[in-house]
Amino acid sequence: MSWHQYLPHTPEDIAAMLERCGVSSVEDLYADVPEELRISGRYELPEGISEKEIRDFFAEAEAECRDLTCFAGAGVYHHYVPAVIPSLLSRSEYLTAYTPYQPEISQGTLQYIFEYQTMMASLTGLEVSNASMYDGTTATAEAMLMAVAASRKRNRVLISATVNPSVRRVVATYARYHKVRLEVIPATDGGVTDRTALSAMLADGDVAGVIVATPNYYGIVEDYTGLAEEIHAAKSLMIVNCNPSVLAVVRTPGEWGADIAAGDAQSLGMPMNYGGPYLGFLCSTKALMRKMPGRIVGATTDDAGQRVFVLTLQAREQHIRREKATSNICSNQGLMALYATIYLSVMGNAGLRKINDTGNAGAHYLCRQLESTGRMVQAFPDGVFVNEFAMKAVDINLDALMEKCVECGILPGVRISEDMLLIAVTEMQTKAQMDKLVEIVRNLENPENHACHEPRTI
């Protein structure tokens, strides 16, 4: 055991454990593991270094990183993080808080979860919210399972091709292992759900739920007038995958008549942070409350008449029989629920509307300017968008564009096809940065304009 100097066990500890296991050596513990699968010799680890050397190492690595102007979106957005959020989140009573099983000593945690649920229910226009899910993809998959569980005898679910592909892939994985028949509703050439095809698929029967998006993957806010009535007439449930920030300025799932809303709350000021942690949200009508996974916190009064908070409707594996439990999830997402709660409290209705108005104005400006170059056109010109839109290359090589933009300190968007770029604008990008992107597009492959430079102002 000489190569495991970092383990805290003494030779006496190891001998006692081996005796209890009924073996004479550590090697005997792994006798069933084939020799070719074992690691022989020392691990290929570097020698230990001092704390100062570690700090120097990471400081040098950080210095090599470039902070790009980010026009990428596709489900993850660059929003401003109010300074109060990390300040409050770093308090030890929040960072060390665990599952609030004992309401007597967990009133603070239960209160912010209750407030989170209240805010998310208000934002989505639905009656009930849980707290909370890992991310938007798995939250949407759980919404699918809710629809199947509510229908009891139906296991067919339809999902629009205009839902984010990453969401569709995760939903498909859940469907496969839960024996759900998942079918994709095609999209029209205009980048929206094909309502004629959807009607035909509903007419075939056996549909437990229909999943659509607002805004959809291409940034388009689809018109779902009459869709809920059609879905409900087929005895199915309507599920909307949505961006909660944008719900401040567009019709909510509740206003469309949806039964369930799901998605990722990352747009509520959470840093992009290389993929997480994020926060899945799930809201529904009151009728589906008992089918909802996770936790629901309720408000009540104690024997002294004071308002208090408790966990309620805990359909989890710890509380009921496993086969009747909903997903055992979300203990480690409490801190992110607090993040969203603080953000929504700080921003308020006016703040959310303002950042969406800013993003909307910037997105439409950038779209017009890119089209003015003659090298790109809007991919779906009839689509209504808030702050994200798809541009199609006409006289430009997207590989060369992406390379040039990164060289000039810009991440121009997410490439979603050979000739299509998905671009997002939030309150974080300035007009000068947008103009710089336009100039790169305009002058790409022009030998007289190879160098990165700030656009001229008149």
Side-chain angles (χ1 to χ4, degrees), residues 73-101 106-124 126 128-143 164 166-167 170 241-248 260-284 292-297 309 311 314 316 326-348 351-352 355 426 428:
V76 179
Y77 303 94
H78 188 198
H79 284 290
Y80 179 72
V81 179
V84 66
I85 300 178
S87 177
L88 290 177
L89 240 60
S90 63
R91 291 180 62 92
S92 61
E93 58 261 55
Y94 290 135
L95 284 177
T96 61
Y98 185 58
T99 300
Y101 285 136
S106 302
Q107 285 301 295
T109 299
L110 290 168
Q111 180 176 350
Y112 80 65
I113 292 176
F114 181 85
E115 292 175 352
Y116 163 82
Q117 293 172 176
T118 303
M119 293 176 185
M120 294 308 297
S122 176
L123 203 54
T124 59
L126 291 168
V128 182
S129 168
N130 78 350
S132 53
M133 318 288 282
Y134 293 126
D135 52 42
T137 58
T138 54
T140 307
E142 293 287 354
N164 191 310
S166 63
V167 175
V170 172
N241 174 276
C242 47
N243 176 342
S245 176
V246 176
L247 293 182
I260 305 172
D264 205 304
Q266 183 276 333
S267 63
L268 300 180
M270 294 180 188
M272 294 181 286
N273 202 36
Y274 299 98
Y278 291 152
L279 172 67
F281 68 88
L282 186 60
C283 303
S284 76
M292 181 177 284
R295 294 191 177 87
I296 296 177
V297 173
F309 303 93
L311 286 174
Q314 300 176 72
R316 293 161 60 84
T326 57
S327 298
N328 183 11
I329 56 172
C330 70
S331 292
N332 67 338
Q333 289 301 99
L335 197 63
M336 304 317 295
L338 175 60
Y339 194 115
T341 304
I342 300 173
Y343 179 84
L344 289 171
S345 299
V346 170
M347 300 302 293
L352 282 179
I355 65 170
T426 66
M428 298 299 287

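For the single chain, residues carry numbers from 1 onward in sequence order.
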Item to check | Flag side-chain contact, heavy atom, 4.5 Å: Leu352 against Ile355 | outcome: yes
Checklist entry - Could you go step by step and tell me if Thr140 and Val170 meet the side chain to side chain contact (heavy atoms under 4.5 Å, CB included) rule? => result CA-CA 9 Å; Thr140 307; Val170 172; over 6 Å; no
Next on the checklist: Any non-hydrogen side-chain atom of Leu247 less than 4.5 Å from a side-chain atom of Cys242?
Outcome noted: yes
Item to check | Shortest non-hydrogen separation from Ser166 to Thr137 and the atoms involved | outcome: O-CG2, 4.0 Å
Checklist entry - Got a second to check how far Thr124's OG1 is from Met119's CE, nearest 0.5 Å? => result 13.5 Å
Next on the checklist: Would Gln117 and Asn130 count as a side chain to side chain contact (heavy atoms under 4.5 Å, CB included) here? Give the steps.
Outcome noted: CA-CA 6 Å; Gln117 293 172 176; Asn130 78 350; 5.6 Å; no
Checklist entry - So, do Met428 and Tyr80 sit near enough that their side-chain heavy atoms are less than 4.5 Å apart? => result yes
Next on the checklist: When you compare the side chain of Tyr278 with that of Ser267, does any pair of heavy atoms fall below 4.5 Å?
Outcome noted: no
Next on the checklist: Using 0.5 Å steps for rounding, measure from the CG atom of Leu123 to the CG atom of Leu268.
Outcome noted: 6.5 Å
Checklist entry - Does one side chain, of Asn243 or Ser245, offer a donor that lies under 3.5 Å from an acceptor on the other? => result no
Checklist entry - Side chains of Cys283 and Ile260: closer than 4.5 Å at any heavy-atom pair? => result no
Next on the checklist: For a quick test of reading the model, state the closest non-hydrogen atom pair linking Val128 to Met292 and the distance between them.
Outcome noted: O-CE, 4.1 Å
Checklist entry - Mind checking whether Tyr94 and Tyr112 have parallel, tilted or perpendicular rings, split at 30° and 60°? => result perpendicular
Item to check | Closest heavy-atom pair and its distance - Pro244, Asp264 | outcome: CD-O, 3.2 Å
Checklist entry - Given Tyr339 and Val81, is the side chain to side chain contact (heavy atoms under 4.5 Å, CB included) satisfied, shown in steps? => result CA-CA 10 Å; Tyr339 194 115; Val81 179; 3.1 Å; yes
Next on the checklist: Rounded to the nearest 0.5 Å, what separates atom CD1 in Ile85 from atom OG1 in Thr341?
Outcome noted: 10.0 Å
Item to check | Derivation of the side chain to side chain contact (heavy atoms under 4.5 Å, CB included) call for Leu311 and Leu110 | outcome: CA-CA 8 Å; Leu311 286 174; Leu110 290 168; 3.9 Å; yes
Checklist entry - CG/Leu335 to OG1/Thr109 distance, rounded to the nearest 0.5 angstrom? => result 10.0 Å
Checklist outcome for this item: Value for CD1 (Ile296) from OG (Ser284), rounded to nearest 0.5 Å, stands at 7.0 Å
Next on the checklist: Could you tell me if the side chain of His79 sits less than 4.5 Å from the side chain of Gln266, heavy atoms only?
Outcome noted: no
Item to check | Shortest non-hydrogen separation from Leu344 to Met120 and the atoms involved | outcome: CD1-SD, 4.1 Å
Item to check | Ser129 vs Tyr116 side-chain heavy atoms within contact, under 4.5 Å | outcome: yes
Checklist entry - CD1 of Ile113 to CZ of Arg295: how many Å apart, nearest 0.5 Å? => result 6.5 Å
Item to check | Minimal non-hydrogen separation, Leu282 against Ala262, with atom names | outcome: CD1-CB, 3.8 Å
Next on the checklist: Quick check: do Pro277 and Met270 have side-chain heavy atoms less than 4.5 Å from each other?
Outcome noted: no
Checklist entry - What closest approach, in Å, do Val76 and Met272 show between heavy atoms, and which atom pair accounts for it? => result CG1-CG, 3.6 Å
